[in-house]
Amino acid sequence: MIIIGGGSAGLMSAAVSSSLGAKVVLFDKNKFFGEKLKITGGGRCNITNAEFDVHKLLSNYGESSKFLYSPFAEFGVKDTFNFFENRGLKLKTEEKLRVFPISDKAHDVYEILFNELKKFSVKLKNNTEIKRIEIENNLIKNIQTVDEIWTADSYILATGGLSHPETGSTGDGFKWLKSFGHKVDTPTPSIVPLALDKVYEELQGESLTDVKLTFKIDGKKSFSKIGNLLFTHFGVSGPTIMNSSKKVGELLSEGSVTLHVDMFPGLDEKHFHFKLLQLFDKNQNKNIKNVLVEMMSQNMVDIILNKSGISPDTKVNIVTHDMRTKIILECKNFTHNIKSLMGFDKAVISDGGVSLGEIDMRTMQSKLIDNLFIVGDLLNVSRPSGGYSLQLCWTTGYVAGKNAFLKLKK
Ligand SMILES: Cc1cc2nc3c(=O)[nH]c(=O)nc-3n(C[C@H](O)[C@H](O)[C@H](O)COP(=O)(O)OP(=O)(O)OC[C@H]3O[C@@H](n4cnc5c(N)ncnc54)[C@H](O)[C@@H]3O)c2cc1C
């Protein structure tokens, strides 16, 4: 069996098929396998999502969910826990059911898989780029590197999508699959930060917690979310922004999109006035810039006062109702024009890929090329961040690894 691509999905396929007894050759063009896996979850690896109700879990995979029941019945979240914990990797569940290794090290996840490859004698062909896949009579005839031709009875394609191309996923699989006649939806960056027209340099690295983010198109409200916001050197990021990016991308194709940040969603205007009055009362002889820092960072205070047209050195005892109203307005409607989504280099995944209708989802076998199995980020499955992408890799990698082996035995 040949597996092309030693990322999360390819590693799982190789581990499973070799443990069942298959003779496996694993190719990767990188010097080391699993380069993307090692940077997942900021180096901590959000390995899965501890939602054990399969209906609830799959509702996160949008329109693809109806295709996923079968592979998830074969290898679901519980199986991911068992697979890694039985091999010595202890897991913990954090906020929003995100699961991480207790060690907080993505590298430990990689090692569990890599140890399996060594244990079951997978032939490792790192530093080996596949240049060409030859097809004959709807079957893969061989695969070719710069100077070698390899053949096998079955092939698993696990070359990933297009996000973070420096990790090796440069879209080769999409090109091949298209040339084989598969319908491949054009990949676009997904789960990606947003670039803003105007970047506040002084806010770079600052994050706001539990703020309300409202996206508007041509001035009309589209949708809102409560969450955290991170200001970066190009715009805004953080899980809530990244998980809104698909919808924002759609809005951007229809008109101009603005982001409105309510920094104090728990305070309506009346209570906000009351809170400011209380604060000013306690600090009557101070300058306003030194008092508002009790509610937000100094950089944010400077920006809000500037936008409100109030001098930072104004004594709080002369702040009028009008001035307070301006401050409140800016705090509850800090507006940004969205320029674009950031590119593949900043995306967690790429949307698009092979239509699931062209794959036998019980086995992950291509319906067009009989000896080909397709896994991981090559599949057209939209999903948010939260461990859902890696779970998809474990599930499809397992199912393909097992069924490619069973096909060999027939
Ligand atoms: C920064 C970042 C953080 C992430 N964090 C998380 C997270 O915490 N939780 C989560 O669920 N998901 C996360 N993801 C998404 C997750 O990492 C991916 O969905 C997953 O790794 C995809 O695995 P894959 O095996 O399909 O592809 P990849 O991991 O991209 O592997 C593809 C492999 O194929 C090789 N390859 C490509 N072309 C060729 C060729 N021609 N010849 C030989 N080899 C080739 C590449 O070198 C690469 O090693 C994150 C993604 C990024 C970018």
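Counting convention: from 1, in listed order, for ligands and their atoms alike. Residues take their numbers from the sequence shown, with the count starting at 1.
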Decide whether [X] and [Y] meet the rule of one side-chain donor and one side-chain acceptor closer than 3.5 Å.
{"X": "Thr151", "Y": "Lys141", "result": "no"}
{"X": "Tyr200", "Y": "His336", "result": "no"}
{"X": "Ser355", "Y": "His182", "result": "no"}
{"X": "Asn49", "Y": "Tyr388", "result": "yes"}
{"X": "Ser207", "Y": "Asn228", "result": "no"}
{"X": "Thr93", "Y": "Arg98", "result": "no"}
{"X": "Thr170", "Y": "Asp172", "result": "yes"}
{"X": "Ser308", "Y": "Glu330", "result": "no"}

Which of the numbered atoms in ligand 1 are under 4.0 angstrom from any heavy atom belonging to [X]?
{"X": "Ile39", "answer": "1 (C), 3 (C)"}
{"X": "Ser169", "answer": "30 (O)"}
{"X": "Gly376", "answer": "26 (O)"}
{"X": "Gly168", "answer": "36 (N), 37 (C), 38 (N), 46 (C), 47 (O)"}
{"X": "Ala158", "answer": "32 (C), 33 (C), 34 (O)"}
{"X": "Thr128", "answer": "43 (C)"}

One residue to check: [X]. Relative to ligand 1, which of side chain, backbone, both or neither has a non-hydrogen atom less than 4.0 Å away?
{"X": "His164", "value": "side chain"}
{"X": "Ile47", "value": "neither"}
{"X": "Asp172", "value": "side chain"}
{"X": "Arg383", "value": "side chain"}

Inset, instruction - Can you label the angle between the Tyr110 ring and the His107 ring as parallel, tilted or perpendicular, going by 30° and 60°? - result: perpendicular
Inset, instruction - Using the six-membered ring wherever Trp is involved, compare the ring planes of Phe52 and Phe81 and label them parallel, tilted or perpendicular (cut-offs 30° and 60°). - result: tilted
Quick one: is the NZ or CZ of [X] closer than 6.0 Å to the six-membered ring centre of [Y], and within 45° of its axis?
{"X": "Lys178", "Y": "Phe174", "answer": "no"}
{"X": "Lys332", "Y": "Phe272", "answer": "no"}
{"X": "Arg44", "Y": "Phe100", "answer": "yes"}

Would [X] count as a contact of ligand 1 if the rule is a heavy atom under 4.0 Å away?
{"X": "Trp176", "result": "yes"}
{"X": "Thr48", "result": "no"}
{"X": "Ala347", "result": "yes"}
{"X": "Val348", "result": "yes"}
{"X": "Glu35", "result": "no"}

Is there a polar contact between ligand 1 and [X], counting only N or O atoms under 3.5 Å apart?
{"X": "Gly5", "result": "no"}
{"X": "Asn46", "result": "yes"}
{"X": "Asp28", "result": "yes"}
{"X": "Thr40", "result": "no"}
{"X": "Leu390", "result": "yes"}
{"X": "Thr170", "result": "no"}
{"X": "Ala9", "result": "yes"}

Inset, instruction - Would you give the length of the straight line joining atom CE of Met263 to atom NZ of Lys212, rounded to the nearest 0.5 angstrom? - result: 14.5 Å
Please state which protein non-hydrogen atom is closest to [atom] and give its distance, to 0.1 Å?
{"atom": "atom 42 (N) of ligand 1", "value": "Ile130 N, 3.0 Å"}
{"atom": "atom 26 (O) of ligand 1", "value": "Asp377 N, 2.8 Å"}
{"atom": "atom 21 (O) of ligand 1", "value": "Ser8 OG, 3.1 Å"}
{"atom": "atom 12 (N) of ligand 1", "value": "Ser389 CB, 3.4 Å"}
{"atom": "atom 27 (O) of ligand 1", "value": "Gly160 CA, 3.3 Å"}
{"atom": "atom 39 (C) of ligand 1", "value": "Thr159 CG2, 3.7 Å"}
{"atom": "atom 44 (N) of ligand 1", "value": "Lys29 N, 3.1 Å"}

Legend entry - Heavy-atom donor-acceptor pair, Gln365 side chain to Asp370 backbone, under 3.5 Å: yes
Inset, instruction - Using atom types as modelled and distance alone, determine if a side-chain donor or acceptor of Thr395 lies under 3.5 Å from a backbone N or O of Phe75. - result: yes
Legend entry - Residues Lys131 and Glu129 bridged, charged N to O under 4.0 Å: yes
Legend entry - Salt bridge flag under 4.0 Å for residues Lys246 and Asp351: yes
Inset, instruction - Counting heavy atoms only, name the option from Gly7, Gly34, Ala106, Gly386 that's nearest to atom 31 (O) of ligand 1. - result: Gly7
Inset, instruction - From atom 7 (C) of ligand 1, work out which of Gly387, Gly41, Cys393 has a heavy atom at the shortest distance. - result: Gly41
